[in-house]
Amino acid sequence: MSTNESGGQQPLLTFQIITDTHVTADPSHEYNLNFERALHDLALHAQGSSGIMHIGDITDHGFPEEYEEVQRILQLHQASLPEIRYTLGNHDVGLGHWESRLAMYTSRMGMPGPYHDHWIGGYHFIFLGTEEGLPTFCNLSVEQLRWLDRKLGERAAADRELGWQVANPPELAGQTVVEHGSGKRPVSSQAFDYNAAQEQPVFLFLHQPLKDTVAGSLESQEWYGVTQDKELRAILSKYPQTLLFTGHTHWELEVGNTMYPGNGETATMFNAASVAYLWTNADEHKTGSQGYYVEVYSDKVLVRGRDFTTGSWIESAQYEVVTPVNVRG
């Protein structure tokens, strides 16, 4: 869905974000009905989308019958939905035997493992996930963090090679073929812009937020949850063009710190609320279902809060991240 609020300019790419669906084995449960309603909204308004990104807690307990219910609900709108990509939540794998819960997640949701990445429409989408079945926190291995560091720098590294080939072109009639994901895209040497490519936004997804960043992650609220908080921050400080989306807290999008500005020093971070139910600054449960529609332009990213219950925009949760960000140094 393009809102066309950018002076008539059409987005280069659109995608949607949902999280914390907490599907149960009961088809009539409120959470299941909210998931159905959210998918109905997406089926109606996400035409031309490059994908839906689910940030975890797909199920309420990680039970086989819950995954069966997820598949039933998905099939209701499958023909009208773009591809959905997932990451792990603590409810999916933290409440039982780690290996069997991980195998259930990968086999039922078609994901390759706890972490994975995709090039979509020339933009990098990276999904992180716990490698241990902890009750609420995530545990990111040294290997995963090193992988993330490499992946966040992948575009810059690829474009350095592309820049060299442009300066020293092979016999390709003025084009250089750069492989992104499963496809090969010819790039005109005249169109190559090394600095712009370096500063292009990268979209990162992790279920748990870093401490004292977005809504619900304050120390007093207790819904942060990255064991390697310091290590992940150190990596993100090298790539301030990153937009990090997290779930876990369920905090409603209307609160003031839904977005944590990176200010050119770290990633810009967003709390993505929840499809199943919401939480408030009064530390109270709230009935509701929310998520994001995202539009990517050449000079900015629009992140638009959506109320799936009413099928309306959340006016206080409309964000614009100007790109390129102010990269230090």
Side-chain angles (χ1 to χ4, degrees), residues 17-20 53-57 87-91 94 115 124-130 134-140 144-145 148-149 151-152 201-275 278-283 286 290-292 294 301-305 314 316-323 325-328:
I17 298 171
I18 59 175
T19 188
D20 291 84
M53 315 304 160
H54 193 311
I55 323 180
D57 280 2
T87 192
L88 290 168
N90 53 295
H91 278 255
Y115 54 98
H124 208 172
F125 290 73
I126 304 174
F127 295 75
L128 304 180
T130 188
L134 302 178
T136 58
F137 271 53
C138 68
N139 184 60
L140 309 178
Q144 182 173 176
L145 291 170
L148 173 63
D149 199 357
K151 289 296 179 178
L152 287 172
V202 178
F203 303 104
L204 179 63
F205 307 92
L206 173 63
H207 183 65
Q208 293 90 342
L210 292 165
K211 185 177 179 180
D212 290 329
T213 55
V214 297
S217 72
L218 304 182
E219 184 172 11
S220 60
Q221 295 168 327
E222 300 182 344
W223 284 104
Y224 51 93
V226 182
T227 303
Q228 292 75 23
D229 190 290
K230 179 181 178 181
E231 292 85 347
L232 181 55
R233 286 177 191 269
I235 294 172
L236 294 179
S237 69
K238 297 162 60 177
Y239 306 99
Q241 72 272 31
T242 304
L243 276 66
L244 170 61
F245 295 90
T246 58
H248 192 55
T249 76
H250 289 242
W251 244 254
E252 61 181 344
L253 297 182
E254 290 86 349
V255 301
N257 59 335
T258 290
M259 181 189 76
Y260 179 86
N263 295 323
E265 298 179 352
T266 188
T268 299
M269 307 178 198
F270 290 89
N271 161 54
S274 165
V275 167
L278 305 175
W279 211 256
T280 73
N281 277 345
D283 199 24
K286 179 179 178 179
Q290 298 176 344
Y292 287 125
V294 182
V301 177
L302 299 183
V303 181
R304 309 202 66 202
I314 302 170
S316 60
Q318 307 294 307
Y319 300 96
E320 179 178 299
V321 180
V322 177
T323 57
V325 296
N326 181 23
V327 180
R328 293 179 299 167

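Formation of a donor-acceptor pair under 3.5 Å by the Asn90 side chain with backbone atoms of Phe137 is not found in this model. Within the 3.5 Å criterion, the main-chain N or O of Leu253 finds a donor-acceptor partner in the side chain of Thr258. Using a distance-only test at 3.5 Å, with no hydrogens or angles considered, a donor-acceptor pair links the side chain of Gln318 to the main chain of Gly305. With hydrogens and angles disregarded, no donor-acceptor distance shorter than 3.5 Å links the side chain of Thr249 to the backbone of Ser217. Judged purely by atom type and a 3.5 angstrom limit, Thr87 uses its side chain to pair as donor or acceptor with the backbone of Leu128. Here the side chain of Thr280 pairs a donor or acceptor atom with the backbone of Ala282 at under 3.5 angstrom. With hydrogens and angles disregarded, a donor-acceptor distance shorter than 3.5 Å links the side chain of Thr130 to the backbone of Asn139. Looking only at distances, no side-chain donor or acceptor of Glu254 sits under 3.5 Å from a matching main-chain atom of Ile314.
In this structure, the separation between CD on Glu320 and CG on Leu302 is 5.5 Å, given to the nearest 0.5 Å. Considering CD1 of Ile55 and CG of Leu88, their distance stands at 13.0 Å, rounded to 0.5 Å. Separating the CZ atom in Phe203 from the CG atom in Leu244 is a distance of 12.0 Å, to the nearest 0.5 Å. Here OG1 of Thr268 is found 12.0 Å from OH of Tyr319. Values are rounded to the nearest 0.5 Å.
Looking at Tyr224 and Asp229, their side chains never come closer than 4.5 Å, going by heavy atoms from C-beta outward. Between Leu134 and Thr227 there is a side-chain heavy-atom pair separated by less than 4.5 Å. A 4.5 Å side-chain heavy-atom check between Leu232 and Leu148 finds at least one atom pair inside the cut-off. The shortest distance between side-chain heavy atoms of Leu152 and Lys238 does not fall below 4.5 Å. Considering only heavy atoms from C-beta on, Gln241 stays 4.5 Å or farther from Thr323 through its side chain. For the pair Thr19/Asp57, no side-chain contact is recorded, criterion being any heavy-atom separation below 4.5 Å from C-beta on. Under the 4.5 Å side-chain criterion, counting only non-hydrogen atoms from C-beta, Asn271 is not in contact with Trp223. Contact check for Arg233 versus Thr213: side-chain heavy atoms found under the 4.5 Å cut-off.
The two residues Thr136 and His248 make their nearest non-hydrogen contact at O-CE1, 3.4 Å. Between Gln290 and Ala273, the shortest heavy-atom distance links the atoms OE1-CB, 3.7 Å. Summarising the geometry of Leu206 relative to Cys138, their closest heavy-atom pair is CD1-SG, 4.1 Å, with the distance given to 0.1 Å. Nearest approach of Ser274 to His250, heavy atoms of both residues: OG-ND1, 3.1 Å. The shortest non-hydrogen separation linking Trp251 to Asp283 is CH2-OD1, 4.5 Å. Nearest heavy atom pair, residue Asp212 against residue Leu218, reads OD1-CA, 3.2 Å.
Aromatic ring pairs are classed by plane angle as parallel below 30°, tilted from 30° to 60° and perpendicular above 60°; the pair Tyr292 and Phe270 is perpendicular.
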Let me see the working for Met53 and Phe125 under side-chain contact (heavy atoms from CB on, under 4.5 Å), right down to the final yes or no. CA-CA 9 Å; Met53 315 304 160; Phe125 290 73; 3.8 Å; yes
Intermediate values then yes/no, side-chain contact (heavy atoms from CB on, under 4.5 Å), Leu243 and Val294: CA-CA 11 Å; Leu243 276 66; Val294 182; over 6 Å; no
Using the rule given for side chain to side chain donor-acceptor pair (under 3.5 Å), can you reason through Asp149 versus Tyr239, listing the C-alpha separation, both sets of side-chain angles and the distance that settles it, and then say yes or no? CA-CA 9 Å; Asp149 199 357; Tyr239 306 99; 2.7 Å; yes
Worked check of side-chain contact (heavy atoms from CB on, under 4.5 Å) between Leu140 and Tyr115: CA-CA 10 Å; Leu140 309 178; Tyr115 54 98; over 6 Å; no
Stepwise, does the side-chain contact (heavy atoms from CB on, under 4.5 Å) test hold for Asn281 with Gln221? CA-CA 9 Å; Asn281 277 345; Gln221 295 168 327; 3.7 Å; yes
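The ring-ring contact (aromatic ring centres under 6.0 Å, His included) check on His91 picks up His22, with sequence neighbours excluded.
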